[in-house]
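What follows is a set of notes on a single structure, which appears directly below.
Counting convention: from 1, in listed order, for ligands and their atoms alike. Quick caveat: nothing in here was measured; it's all calculated off a predicted structure.
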Amino acid sequence: MISIKNVSKSYGDTRALKDFSLEIPEGGIMGLLGPNGAGKSTLIRILTQIIEKDSGEIIYKGQTLDHSHIGRFGYLPEERGLYKKMKVGEELIYLARLKGLSSGEATEKAINWVKKLDLKDWWNHKVIDLSKGMQQKIQFIATVVHEPSVLILDEPFSGFDPLNAGVVRDLILELKKSGVTILLSTHRMESVEELCDRIVLINKSKKVLEGDKQQLKDSYKENKFRIRIKGNGIGVLEGIDHQLVEDSGLESEYLIKPRTEQLASSLLKSISEKVDLVAFKEELPSVDQIFKQVVNQSNHG
Ligand code: ADP
């Protein structure tokens, strides 16, 4: 869908992106991760054509990315901003028309969206008269009203209470289901765990990790397992390091790590012969753990 090839960008002496390449496949949600100052916003601003790259190439659906593609992109910036004195309906239609929709199309789509988000009664009210949460929803509608193929979301949940964050999450999943390609930049790791299919990690202007989330978890796993047993007689297991997670008296939970690499199936067999096993699960690293490990390595490597 989008090929980013060897893109570099500096602001004066500050290098923000260095020789950055990334393939964003069509559909699905890609998490854009990285510490503050890594270069994420710079990448987003280049993709949304707010700023120009210094060098490199970006191909969108086989064509060099240019202004003719702006209408295919939707961008929800972290710093939100609407024209507060405009009326809700007017503003949504205006923003959709800026993205190339006809007046009729813009009106129809804007009406559908305000209905969908229960804001129909506010159509003729000025944005400034809406609550902060409602303004945030209007901003979300403004991002998607023109039905973009690529949606770039920068901390989309910030400013929402838990209930409305759930509404936005469901909308994001619905858009993904309809085939929209989504780039999600966030520091909320639980959102990454829940929503992202792929992740790309930037550190100090360079890509340091990229791939399918489950495959990355699989390749960073550490031969650890989480088990629950009746009682707490873990001591009978030989050649296995263990760490108590919880002991309720009747049952206990441990993280265990065999000192030699073993297949999960043979480990399960050997320990179930010695303890009364209630549950057994391979322990995969969280995205947060992978993030910290890779950023650390890249800072010290
Ligand atoms: P992130 O979004 O990951 O926090 P940015 O892309 O905003 O990172 O920043 C990357 C680097 O570029 C940082 O060192 C930042 O200070 C610098 N930078 C970003 N925008 C500007 C700007 N407009 N002028 C000068 N330096 C900038």
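Between Glu273 and Lys269, at least one side-chain N (NZ, or NE/NH1/NH2) sits under 4.0 Å from a carboxylate O, which counts as a salt bridge. Of the charged side-chain nitrogens involved, none lies within less than 4.0 Å of a carboxylate oxygen, so that Asp129 and Lys126 do not count as a salt-bridged pair.
If you number the atoms of ligand 1 from 1 as listed, the ones under 4.0 Å from a heavy atom of Asn36 come out as 4 (O). Of all the atoms in ligand 1, the ones that sit under 4.0 Å from a non-hydrogen atom of Tyr11 are 12 (O), 17 (C), 18 (N), 19 (C), 20 (N), 21 (C), 22 (C), 23 (N), 24 (N), 25 (C), 26 (N), 27 (C).
Not a single protein heavy atom sits closer than 4.0 Å to atom 16 (O) of ligand 1.
Side-chain contact check for Ser3 and Tyr60: no donor-acceptor pair (N or O, by modelled atom type) lies under 3.5 Å. Side chains of Asn164 and Asp161: a donor on one and an acceptor on the other come within 3.5 Å.
Residue contacts with ligand 1 include Gly37, since one of its heavy atoms falls under 4.0 Å from the ligand.
Looking only at distances, a side-chain donor or acceptor of Gln49 sits under 3.5 Å from a matching main-chain atom of His67.
Using a 30° and 60° split on the angle between ring planes, Tyr83 and Tyr94 fall in the perpendicular class, above 60°.
Of all the heavy atoms of Pro35, the ones lying under 4.0 Å from any atom of ligand 1 belong exclusively to the backbone.
Taking distance alone, with nitrogen or oxygen atoms compared against 3.5 Å, Ser41 approaches ligand 1 more closely than that limit. An N or O contact shorter than 3.5 Å is missing between Thr14 and ligand 1 by distance. Taking only nitrogen or oxygen atoms, main chain and side chain alike, Thr42 reaches within less than 3.5 Å of ligand 1. The N/O atoms of Ala16, backbone and side chain alike, include none that comes under 3.5 Å of an N/O atom in ligand 1.
Protein heavy atom at the shortest distance from atom 8 (O) of ligand 1 is Gly39 N, 3.1 Å.
Residues Ile271 and Ile240 are in side-chain contact: their nearest non-hydrogen atoms beyond the backbone lie under 4.5 Å apart.
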